[in-house]
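Data block below; observations after.
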Amino acid sequence: VAFYSKILVVGNTKAGIDISAIANNTVYLNSSKQQTIQLKVMAADGKQILAQQLTVLAGSNSISLQMKHAAKGIYTLIIYNQEGDIITRRFLK
């Protein structure tokens, strides 16, 4: 059985990270440099669903979100970079 989610296109940020899409539990982003980021996913009720620290490379990256057991709904992706910038995007699962 395949599950599909909507693809959301989002804009550029000042943080050197451009989230190009969030689809099928995967975040697609471009980074201006190799950097370590903190990634969190919050549910609409404020509960934290996922938190991880990872290193993204300069250029295109895809990050798999471990959310296969999360309910359908609206979630917020929050990315913190080393400079203290915060990027947030809402998406549907």
Is there a path of hydrophobic side-chain contacts, each under 4.5 Å between heavy atoms of I, L, V, M, F, W or Y residues, that connects Ile17 with Leu54? yes

Residue set satisfying side-chain hydrogen bond (donor to acceptor under 3.5 Å, both in side chains) with Gln53, at least two apart, ordered chain then number -> Gln38

Closest non-hydrogen atoms of Ala70 and Tyr75, given as atom of the first, atom of the second and distance, are CB-OH, 3.5 Å

CG (Leu50) and CD1 (Ile78) are apart, to the nearest 0.5 Å, by 11.0 Å

Exactly one of Thr76, Ile19, Val41 clears side-chain contact (heavy atoms from CB on, under 4.5 Å) with Phe91, and that residue is Val41

CG (Leu65) and CD1 (Ile63) are apart, to the nearest 0.5 Å, by 7.5 Å

For Tyr28 and Ala23, the nearest pair of non-hydrogen atoms, with its separation, is CE1-O, 4.2 Å

Heavy-atom closest pair (Gly46 atom, Met42 atom, distance to 0.1 Å) is O-CE, 3.1 Å

Between Ala51 and Lys40, the two heavy atoms sitting closest are CB-CG, 4.2 Å

Checklist entry - In terms of hydrophobic clustering (I, L, V, M, F, W, Y; side-chain heavy atoms under 4.5 Å; direct or indirect links), are Leu57 and Val27 co-clustered? => result no

In this structure, OG of Ser31 is separated from CD1 of Ile37 (nearest 0.5 Å) by 7.5 Å

Requested in this report: Please report the C-alpha distance between Ile79 and Leu29 in whole Å, then the side-chain angles of each, then the deciding distance to 0.1 Å, and finally whether the side chain to side chain contact (heavy atoms under 4.5 Å, CB included) criterion is met.
Outcome: CA-CA 11 Å; Ile79 296 176; Leu29 61 85; 4.0 Å; yes

Taken to the nearest 0.5 Å, the spacing of Met67 CE from Ile49 CD1 works out to 6.5 Å

In this structure, CG of Asn61 is separated from CG of Asp18 (nearest 0.5 Å) by 11.5 Å

Sorted by chain and residue number, the side-chain hydrogen bond (donor to acceptor under 3.5 Å, both in side chains) partners of Ser60 (sequence neighbours excluded) come out as Asn30

To the nearest 0.5 Å, atom CG of Asn24 lies from atom NZ of Lys68 at 14.5 Å

